[in-house]
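Beneath this line is the structure, given in structure tokens, with notes to follow.
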Amino acid sequence: MPISHPSFGTLADDRIIIFDTTLRDGEQSPGFSMNLEEKLRMAEALAELGIDVMEAGFPIASPGDFESVRAIAQKFSKDGPVVTGLARTSAADILRAAEAIAPAARKRIHTFVSTSPLHMRVKLRMEPDAVLAMVTESVTLARNHTDDVEWSAEDGSRTEDDFMCRCVEAAIKAGATTINIPDTVGYALPEDMYRIFAMLRERVPGADGVVFSTHNHNDLGLAVANTLAAIRAGARQVECTINGIGERAGNASLEEVAMAVRTRADAIRQRTGIVTENILKTSKLLAAITSFDVQPNKAIVGRNAFAHESGIHQDGMLKDAGTYEIMTPESVGWAKTSLVLGKHSGRAAFRDKLKTLGYELGDNALNDAFRRFKDLADRKKTVFDEDVTALVDDEVVRGHDRIRLTGLSVSTGLGMIPTATIGLDVDGVHKTGTATGDGAVDATFAALRQVFPHEVELQLYAVQSVTGGTDAQARVTVRLAEDGKHVDGQGADTDTIVASARAYVHALNKLMAKRERTAPPDLALRAG
Ligand code: KIV
Ligand code: ZN
């Protein structure tokens, strides 16, 4: 039966609402934090991807979270996604969320409380009846601020049936329009999820008037399977993230759910509003912003997702792609290309290559990337797709950096003391410094600390070759930690030391952005 929903009107029986929580559940996981600028860029890409609901953050968590939810709420018109902010049950949480989403053309408050015996006893230290009362209070308060209210039962998959039914009934009576049952700890099997949703839809009065939602964590690698089982049992909203990022092992990956629904339309009667051709570029944007590549064999968006290596497979593919491909690469944004770039390649070829790799850069970023490509092509005979990807990712993440690397020279060798001189632009002011170290990289980082004094722990330094050959680019990852939190920076260059400096500067910029978001101004890192 079609459901009447405050944000979606009459919801067709076969329509699945895609609720994206990349900017909340995804962003809160270690190493994936984004600054305001990055969140806004992601928000725009998610809207272009066609998601229905955007969970923009957890407004009470920090002033930075509040600001970003508010900025995202301001961004979209009525044609854009519903913007939601997360809140626990307290009035302070709900009012903060209400304030953050207030400017949105379409808004929702998402409130949650734990309902499992373990969580209630250990985490909340509350009796079930008190929790039940909180469900009613929190949803009622949220409804005073918006007609579209989602209620979630944290640790829902480990909640007792009777108590879950009472909570869901209370939430519906108080005015919740979406009921979300998360598998918070990634414990459920697909048959559990099917049973829970079927049970709730059958037993709870008023269940046919609300949207049921599923939110699955991937601890056992079952998040997408559980999501599909919930859809089969009548869930009409799916909570997911780009590249499956999220707490611990992550959430159900949006791209996998969307493509399973599309590819298996014969078995799954529902459809989503996802513009699947935009999937790859959205995935790449997130990877570039967070410095976390997806693994090569990741479904849909991994480098090898459509690569056919074995002779038998290649033979089959040449005869008919259907032999080994269940969906076309183009349907998720990959493009077939045999174009290899070199130093004679022009701007048009470069732009075309970027398009086929899923990137769309603005004019300024394109100019900068093209300049760096020409520079790379002078040093490297053939510029492979991986080189372009490394270079553009570097460019994308650097758009709004306060510290920029402007120069580096290093002298080192047998019997010499490694010495590095570095040039930095810090908030537009040019500075240089020289230092020695135990090796070229150590000297470079010491010079960096001299120009821009700071005290953070270098937790990880890793070098990877982007392609083969001695002229290959090195991709360096640097992890800096402070107060138990860490950020990863990446840099790529044919010169490993330059790549190292780029990576360090990138991490430093991220750390500064993080501190500015979470600390009073006097504590923010200052340039020396
Ligand atoms: O995993 C979870 O339970 C959550 C809720 C806050 C929805 O993320
Ligand atoms: Zn979650």
Side-chain angles (χ1 to χ4, degrees), residues 21 24-25 28-29 55 58-61 84-97 109-143 149-189 191-207 210 212-220 222-223 226 230 233 235 237 239 246-249 251:
T21 183
R24 199 279 297 168
D25 209 319
Q28 76 191 30
S29 57
E55 188 160 54
F58 190 1
I60 202 151
T84 186
L86 185 67
R88 289 163 299 188
T89 47
S90 73
D93 269 53
I94 292 170
L95 296 178
R96 193 75 171 143
I109 293 176
H110 177 193
T111 179
F112 74 100
V113 69
S114 291
T115 52
S116 69
L118 180 66
H119 275 220
M120 288 192 292
R121 193 179 70 247
V122 176
K123 212 182 98 173
L124 301 179
R125 297 185 191 199
M126 287 173 74
E127 291 299 321
D129 279 348
V131 172
L132 191 61
M134 279 165 63
V135 173
T136 301
E137 272 167 37
S138 56
V139 174
T140 306
L141 179 58
R143 270 303 299 255
V149 171
E150 173 171 337
W151 176 76
S152 283
E154 193 185 9
D155 207 15
S157 58
R158 295 193 298 174
T159 296
E160 287 167 349
D161 284 0
D162 288 350
F163 185 62
M164 178 65 95
C165 286
R166 291 172 67 205
C167 288
V168 171
E169 186 177 351
I172 295 173
K173 276 203 178 123
T177 45
T178 298
I179 299 293
N180 181 41
I181 311 297
D183 181 25
T184 303
V185 290
Y187 175 75
L189 300 175
E191 51 266 46
D192 298 328
M193 291 319 283
Y194 183 90
R195 192 196 64 75
I196 292 169
F197 281 94
M199 182 274 298
L200 290 172
R201 291 184 67 222
E202 193 187 311
R203 284 181 53 184
V204 178
V210 296
F212 276 91
S213 167
T214 187
H215 175 117
N216 297 290
H217 281 272
N218 205 29
D219 300 65
L220 295 175
L222 292 171
N226 286 343
Q237 176 177 284
E239 303 200 353
E247 280 289 337
R248 305 181 310 280
N251 289 67

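Within a 6.0 Å sphere centred on OH of Y187, heavy atoms belonging to other residues, nucleotides or ligands number 12 at most. Crowding of E191 atom CD: a count of heavy atoms from other residues, nucleotides or ligands under 6.0 Å exceeding 12. Residue R143 places its CZ atom among more than 12 non-hydrogen atoms of other residues, nucleotides or ligands, all under 6.0 Å distant.
Minimum interatomic distance between G85 and A97 (heavy atoms only, all atoms of both residues): O-CB, 4.2 Å. Residues A171 and I179 share a closest heavy-atom pair of CB-CD1, 3.8 Å.
Judged as a side chain to side chain contact (heavy atoms under 4.5 Å, CB included), and not counting sequence neighbours, the contacts of T140 are T136, A174. For A188, the side chain to side chain contact (heavy atoms under 4.5 Å, CB included) criterion is met by S157, D183, D192, M193, N226, not counting sequence neighbours.
Residues T214 and N216 have side chains that bring a donor and an acceptor to within less than 3.5 angstrom of each other. One side chain, S213 or E239, offers a donor N or O that lies under 3.5 Å from an acceptor on the other.
If you take CG on D155 and CD1 on I181, they are separated by 11.5 Å, rounding to the nearest 0.5 Å. Atom OG1 of T89 and atom CD1 of I94 lie 6.5 Å apart (nearest 0.5 Å). Going from atom CE of M199 over to atom CE of M164 covers 7.0 Å, rounded to the nearest 0.5 Å. Note that the CD atom of Q237 and the CG atom of N180 stand 6.5 Å from one another [nearest 0.5 Å]. Annotation: the span from N251 atom CG to H217 atom NE2 amounts to 4.0 Å, rounded to 0.5 Å. Atoms OG and CZ, on S114 and R88 in that order, are 11.0 Å from each other to the nearest 0.5 Å.
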Might you work through the side-chain contact (heavy atoms from CB on, under 4.5 Å) test for D93 and T111, ending with a clear yes or no? CA-CA 9 Å; D93 269 53; T111 179; over 6 Å; no

Go through the steps to decide whether I172 and W151 satisfy the test side-chain contact (heavy atoms from CB on, under 4.5 Å), and finish with yes or no. CA-CA 9 Å; I172 295 173; W151 176 76; over 6 Å; no

Report the C-alpha separation of D161 and R195 in whole Å, then their side-chain angles, then the decisive distance to 0.1 Å, and conclude whether the side-chain contact (heavy atoms from CB on, under 4.5 Å) test is met. CA-CA 10 Å; D161 284 0; R195 192 196 64 75; 2.9 Å; yes

Run L124 and V113 through side-chain contact (heavy atoms from CB on, under 4.5 Å) and show every step you take. CA-CA 9 Å; L124 301 179; V113 69; 3.8 Å; yes

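For residues 165-175, the set of pairs meeting the salt bridge (Lys or Arg N to Asp or Glu O under 4.0 Å) definition, not counting sequence neighbours, comprises D129-R166, E169-K173.
Put simply, the residue from T184, D25, T21 that forms a side-chain hydrogen bond (donor to acceptor under 3.5 Å, both in side chains) with H215 is D25.
Side-chain contact between D162 and R203: present, with at least one pair of heavy atoms (C-beta onward) separated by less than 4.5 Å. The shortest side-chain heavy-atom distance between R158 and V185 falls under the 4.5 Å cut-off.
No donor-acceptor distance shorter than 3.5 angstrom exists from the side chain of S116 to the backbone of T159, with no hydrogens or angles considered.
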